[in-house]
Undergrad: 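Before I ask anything, let me first share the structure, which is written out below as structure tokens.
What you see is a predicted model, and the numbers here were worked out from it, not measured in a lab.
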Amino acid sequence: MMTSQQSRRAFLKRSSALGIVGAASPFVMNLAAIGEAAAATASDYKALVCIFLFGGNDYANTLPPYDTTNYNAYFNNRKTLAYLQPDLAATVLNPVTPLPGGRQFALAPALAPLLPIFNAGKMAVMLNVGTLVQPTTKAQYIAKNVALPPKLFSHNDQQSYWQASSPEGASSGWGGRIGDLLQSGNGTATLTCINASGNAVFLSGRQAVQYAVGATGPIPLAANATLFGSAAGSTALKSLMTSPPANLFGSEHSAVAKRSLDLYAQVSSALTGAPTLATAFPATNLGTQLKIIANLISVSSQMGAKRQVFFASTGGFDLHDSLAANEPGLLAGIAAALQSFYAATVELGVSNQVTSFTASDFGRTLLSNTDGADHGWGSMHFVVGGAVQGRQIYGAPPVFANNGPDDVGQGRLLPTMSVDQYAATMASWFGVSDTNMPTVLPNIPNYTTKNIGFI
């Protein structure tokens, strides 16, 4: 027979996994799995900000090749989608260390607002990043004698593998597992992993839970608002929600509700004193998410936070058709929001302490299906921040070809930089030790080079 404490632990574990308050309050009450941490001991502040591009962003039109040989290969393999070479002249990247063989890349024209950040050395470009279990060659892939991420090219599973090193159904992600290790340094442990986009396995830890915020700050529970215009009714509802009943479920529900209400008051109060940013953010979904993240970073000291991991996202990248028509607008939205967010960190004096990075399900095929592209694998990504070793292009430049040495068919890139290496580089900067890195990224021991060195 289980003891009362064992029963309580089992209840907490199950209720956390089930999200007991349901979708109406997106995990705002899912705080039961964590106790408040000890006072912060770190002397500095750092934040990681994941910007996830749902749907699988097209690599070839995000970072098209510009040197003549590879541009011609790019154009000949996707004539209906390719940019004309003269249209790329204004966004050609000139890294501090030139790529071998005269290789050159350009940002998509819609990403032009990011070029000054790259040229200032505060943005780095990652070539051919994707999900892997271990370093994999094309010969191994064809022979099927190497472990591969399960369910390749599946949206849900590859989104999960990117975020959690496990397919759909994963219970924790690498952002949350970073939180597990570092939340004890925060005055309020629950404010370690903050989601401005709803819910994502990326921010779920084994102990750390993600706290959801909306456009203006914390998401209120029903009891935070007046009940049908009645303040007295609201007070009564709060009392009912937080009074400890006799049964285990009710007792934990009331404890969770009380913590949620207290946290709402704490975050709301801190944001009241947030500085008014001169930086303007675009009035888009992603712009709004990054603005509230900037506001939360601006009051991190008031909330006792030393290490925070944030998640923002935008979608629409599953462009099996109308890619040439729709992707430029999507990329323009990313560029505007990311440019504003970086400018805000500069304005707040924390640009060296905040690192933002992009992620996506997968890349898309080089070959077009008339006016779109199918699900791919490796893709190109960006890392932005004052600590970034920028104006550099990291990774192995792929050959643009159908069934070439770097792809597994249709120009579907076989990743040469794993998500594990990409993540480990940022986790190391954030404070995760080499000893603890496998706790965050279970596949990282499979790699000789664990830190890419871009930050």
Side-chain angles (χ1 to χ4, degrees), residues 25-50 175-200 202-205 207-221 224 255-277 279 281 288-312 341 344-356 385 430-432:
S25 300
F27 293 87
V28 69
M29 289 175 63
N30 190 10
L31 310 179
I34 194 169
E36 294 308 326
T41 57
S43 61
D44 63 348
Y45 173 82
K46 288 182 179 179
L48 278 175
V49 183
C50 177
R177 295 191 292 265
I178 288 174
D180 289 339
L181 295 172
L182 296 167
Q183 66 181 0
S184 63
N186 288 338
T188 304
T190 313
L191 297 178
T192 302
C193 300
I194 300 181
N195 198 323
S197 183
N199 182 51
F202 174 74
L203 286 184
S204 294
Q207 291 83 39
V209 294
Q210 58 189 305
Y211 181 66
V213 295
T216 58
I219 299 171
L221 299 175
N224 281 335
V256 170
K258 183 179 186 305
R259 263 197 303 273
S260 300
L261 293 168
D262 291 345
L263 193 61
Y264 177 87
Q266 178 189 0
V267 178
S268 296
S269 176
L271 285 173
T272 299
T276 300
L277 290 169
T279 301
F281 281 78
T288 300
Q289 292 174 54
L290 292 180
K291 183 177 181 180
I292 188 59
I293 290 173
N295 286 334
L296 288 166
I297 289 172
S298 76
V299 296
S300 57
S301 61
Q302 291 93 309
M303 296 188 295
K306 296 296 183 182
R307 291 293 186 273
Q308 291 184 297
V309 187
F310 295 92
F311 186 88
F341 182 71
T345 66
V346 172
E347 180 183 344
L348 292 168
V350 295
S351 61
N352 288 346
Q353 298 152 271
V354 180
T355 298
S356 309
F430 205 60
V432 177

Undergrad: Roughly how far, to the nearest 0.5 Å, is CG of Leu191 from NZ of Lys306?
TA: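 Answer rounded to 0.5 Å: 14.0 Å.
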Undergrad: Can you confirm whether Leu348 sits close enough to Leu277 that some side-chain heavy atom of one is under 4.5 Å from a side-chain heavy atom of the other?
TA: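 Touching, per the 4.5 Å side-chain cut-off.
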Undergrad: Which distance, rounded to the nearest 0.5 Å, do you find between the OH of Tyr211 and the CD1 of Ile219?
TA: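 The CD1 atom of Ile219 is 7.5 Å from OH of Tyr211, to the nearest 0.5 Å.
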Undergrad: Examine distances only and state if a side-chain atom of Asn195 and a backbone atom of Gly198 form a donor-acceptor pair shorter than 3.5 Å.
TA: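 Checking the backbone N and O of Gly198 against the side chain of Asn195, a donor-acceptor pair under 3.5 Å is found.
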Undergrad: More than 12 non-hydrogen atoms from neighbouring residues, nucleotides or ligands closer than 6.0 Å to NZ on Lys46, yes or no?
TA: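 Correct, the count exceeds 12.
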Undergrad: When you measure from the side chain of Gln308 to the backbone of Ser300, do you find a donor-acceptor pair of N or O atoms at a distance under 3.5 Å?
TA: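 No.
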Undergrad: Are Val346 and Thr279 side-chain neighbours, meaning at least one heavy-atom pair lies under 4.5 Å?
TA: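 A side-chain contact is absent here, since even the closest heavy-atom pair is not under 4.5 Å.
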Undergrad: Quick one: does Arg307's side chain have a donor or acceptor within less than 3.5 Å of a partner on Phe430's backbone?
TA: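 Flag set: sc Arg307 to bb Phe430 pair under 3.5 Å.
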Undergrad: Applying the side chain to side chain contact (heavy atoms under 4.5 Å, CB included) criterion to Phe311, which one of Leu203, Val49, Ile194, Leu48 satisfies it?
TA: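 Single pass found, and it is Leu203.
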Undergrad: Looking at Gln266, is its backbone amide N or carbonyl O close enough to the side chain of Ser269 to form a donor-acceptor pair, meaning the two atoms are under 3.5 Å apart?
TA: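 No; judged by distance alone, with no hydrogens or angles, the pair does not exist.
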Undergrad: Which heavy atom of Ala312 sits nearest to which heavy atom of Ile293, and what is that distance?
TA: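 That would be CB-CD1, 4.1 Å.
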Undergrad: For Thr288 and Ala215, which heavy atoms make the closest approach, and how far apart are they?
TA: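 Closest approach of Thr288 to Ala215: CG2-CB, 3.4 Å.
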Undergrad: Could you tell me whether the side chain of Pro218 reaches within less than 4.5 Å of the side chain of Leu263, counting heavy atoms only?
TA: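 Result no, sub-4.5 Å side-chain heavy-atom pair not found.
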Undergrad: Kindly indicate whether the side chain of Asn295, heavy atoms from C-beta on, has any atom under 4.5 Å from the side chain of Leu271.
TA: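 Yes, close enough: below the 4.5 Å cut-off.
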Undergrad: Restricting to non-hydrogen atoms, name the atom on Cys193 and the atom on Gly179 that form the minimum distance, rounded to 0.1 Å.
TA: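 Heavy atoms of Cys193 and Gly179 come nearest at SG-CA, 4.1 Å.
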Undergrad: In chain order, what residues pass the side-chain contact (heavy atoms from CB on, under 4.5 Å) check against Ser204, with sequence neighbours excluded?
TA: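 side-chain contact (heavy atoms from CB on, under 4.5 Å) list for Ser204, sorted by chain: Gln210.
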Undergrad: Let me know which of Ile297, Ile292, Leu290 forms a side chain to side chain contact (heavy atoms under 4.5 Å, CB included) with Phe310.
TA: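 It is Ile297; the other options fail the test.
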Undergrad: Would Val309 and Phe202 count as a side chain to side chain contact (heavy atoms under 4.5 Å, CB included) here? Give the steps.
TA: CA-CA 10 Å; Val309 187; Phe202 174 74; 3.8 Å; yes
Undergrad: With a 3.5 Å distance limit and no angle check, can you tell me whether Gln302 reaches the backbone of Ala270 through a side-chain donor-acceptor pair?
TA: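 Not at all, since once roles are kept as given, no pair shorter than 3.5 Å links the two residues.
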Undergrad: Would Thr192 and Leu182 satisfy side chain to side chain contact (heavy atoms under 4.5 Å, CB included), going step by step from the backbone distance to the final call?
TA: CA-CA 8 Å; Thr192 302; Leu182 296 167; 5.6 Å; no
